[in-house]
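Reviewing the structure listed below.
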Amino acid sequence: MSKNESLPIQVKAGREGFTLVIHQTAPFESILEYMTQRMSESQDFFGQSEISLDLRSRPLRTDEIAALCDLLTKSSKLKLVEVRLSDEVRFSLDRSRAAKEAAPAKRRSVPKDVEPVIVRNTCRSGARVVSATDCVVLGDVNPGAEIIAAGDIIVFGNLRGLAHAGATGDRSARIWALSIEPNQLRIADLVAVPPRGNKPVPKRYEIAEIRENQIAVSTM
C-alpha cells in the first residue's frame with residue numbers, strides 16, 4: 001500500500017485539473033480535518049483553480065458535498081465545479097458548463113442544446129419537476145414528489161418519490177440515487193413498484209435501468 005492510499009482524501013492533478021478522490025472507508029470528519037489542514041498549508045499552490053470531486057469509490061450525501069464545498073470556499077480560492085459518479089456520469093455545479101458536462105456522454109434523442117435541470121434542494125411532497133433532458137437533484141426526493149425527465153435522473157440523496165426517466169420513450173435512460181426506495185419507478189414505458197419494508201442503506205450509489213424488458217436496480 002502506498003503512502004497516499006491511507007489518506008482520507010487525495011488531491012490528484014491531471015490534464016483536466018485537480019480532483020478530490022475520497023478514501024472508501026475514511027470518516028467524513030477526518031476528510032474535513034485533512035482538507036482544512038491541506039488548504040491551510042497549500043493555498044498558494046492551488047491558487048484560484050477549479051476542482052472536481054470523484055465519488056466513484058465512495059458516495060457522499062448532499063449535506064457532506066455542501067460541507068466540503070463550503071470548506072473549500074472559506075479556506076481557499078478553489079472552486080468545486082464538478083462531481084463524478086462514474087466514468088460516464090458526471091455533472092457540473094457550474095451552470096455555465098452544465099449543458100456540456102452534466103449529461104452523461106452517450107446517445108440520446110433529447111435536445112442537445114437544452115441544459116439539464118439542477119434542483120438544489122430536497123423535493124418535498126407535492127413538488128413536481130419536469131426536465132426536457134437530464135435532471136439532477138441535490139437532495140432527497142420525498143414521498144409525494146415527482147421527478148420527470150426525458151433523460152437520466154440523478155439524485156444525490158434518497159429517492160422515495162416517483163421518478164420517471166426517459167419520459168419521451170428513451171429506454172436507455174437510467175435513474176441514479178444514493179438509495180432507491182420510491183413509491184413508483186418508471187423508465188420510458190415500463191413501470192416498477194419496489195417492495196415495501198425496511199431496506200438497508202446501500203454503501204454505494206444505486207442505478208435503475210431496463211434489462212431484459214424490465215426495470216432492475218443494482219449497486220454501482
Side-chain angles (χ1 to χ4, degrees), residues 54-57 59 62 82-93 95 97-120 122-123 125-197 199-220:
D54 190 328
L55 299 183
R56 284 178 290 188
S57 61
T62 311
E82 182 184 75
V83 177
R84 300 174 185 169
L85 292 183
S86 71
D87 290 337
E88 61 178 7
V89 175
R90 58 177 65 183
F91 83 94
S92 176
L93 297 175
R95 290 191 66 85
R97 299 168 43 160
K100 295 181 179 179
E101 301 180 6
K106 56 186 181 185
R107 42 70 195 166
R108 202 58 65 65
S109 58
V110 298
K112 295 181 179 179
D113 57 345
V114 178
E115 290 188 9
V117 170
I118 300 178
V119 182
R120 299 177 184 275
T122 288
C123 296
S125 179
R128 189 172 191 264
V129 179
V130 178
S131 172
T133 177
D134 301 321
C135 182
V136 178
V137 180
L138 303 179
D140 295 335
V141 177
N142 288 346
E146 296 182 11
I147 307 296
I148 301 168
D152 289 351
I153 295 173
I154 303 170
V155 179
F156 281 84
N158 299 316
L159 171 58
R160 299 191 181 96
L162 185 151
H164 188 180
T168 56
D170 182 2
R171 283 190 159 211
S172 66
R174 292 185 286 186
I175 299 170
W176 309 66
L178 190 58
S179 176
I180 295 180
E181 41 186 325
N183 296 329
Q184 189 181 96
L185 211 57
R186 301 180 183 175
I187 298 179
D189 58 319
L190 298 184
V191 179
V193 180
R196 310 307 300 173
K199 171 190 171 186
V201 177
K203 297 181 179 180
R204 308 287 292 273
Y205 280 92
E206 292 186 304
I207 309 168
E209 58 188 347
I210 293 178
R211 295 183 204 151
E212 300 179 351
N213 206 38
Q214 62 181 358
I215 297 176
V217 177
S218 59
T219 301
M220 286 176 61

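- Between the Thr122 side chain and the Asp140 main chain, a donor and an acceptor come within less than 3.5 Å of each other.
- Here Ile187 contributes atom CD1 and Gln214 contributes atom CD; the two are 11.5 Å apart, rounded to the nearest 0.5 Å.
- Nearest heavy atom pair, residue Gly161 against residue Pro182, reads O-CB, 2.9 Å.
- Judged by distance alone, with hydrogens and angles left aside, the side-chain atoms of His164 form no donor-acceptor pair with the main-chain N or O of Leu185 at under 3.5 Å.
- Between atom CG of residue Asp54 and atom CZ of residue Arg84 there is a gap of 6.0 Å, rounded to the nearest 0.5 Å.
- Applying the salt bridge (charged side-chain N to carboxylate O under 4.0 Å, His left out) test to Glu146 and every residue at least two apart in sequence or in another chain returns Arg128.
- Asn213 and Arg171 get closest at one heavy-atom pair: OD1-NH1, 2.7 Å.
- Ser125 and Asn142 make their closest contact through N-CB, 4.3 Å (heavy atoms, listed as atom of the first residue, atom of the second, distance).
- When all heavy atoms of Asp134 and Asp152 are compared, the pair lying nearest together is OD1-N, 2.6 Å.
- The minimum heavy-atom distance linking Ala165 with Gly151 is given by the pair CB-O, 3.4 Å.
- Contact between Ala208 and Val217 at its shortest, heavy atoms only, is CB-CG2, 3.9 Å.
- A side chain to side chain contact (heavy atoms under 4.5 Å, CB included) with Val155 holds for exactly one of Val141, Val136, Ile180; it is Val141.
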Self-check item: Test side-chain contact (heavy atoms from CB on, under 4.5 Å) applied to Tyr205 and Leu178, step by step
Solution: CA-CA 5 Å; Tyr205 280 92; Leu178 190 58; 4.2 Å; yes
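- Summarising the geometry, atom CD1 belonging to Ile175 is positioned 6.5 Å from atom CD1 belonging to Ile215; distances are rounded to the nearest 0.5 Å.
- Just one of Ile154, Leu138, Val137 meets the side chain to side chain contact (heavy atoms under 4.5 Å, CB included) condition when paired with Ile118; it is Leu138.
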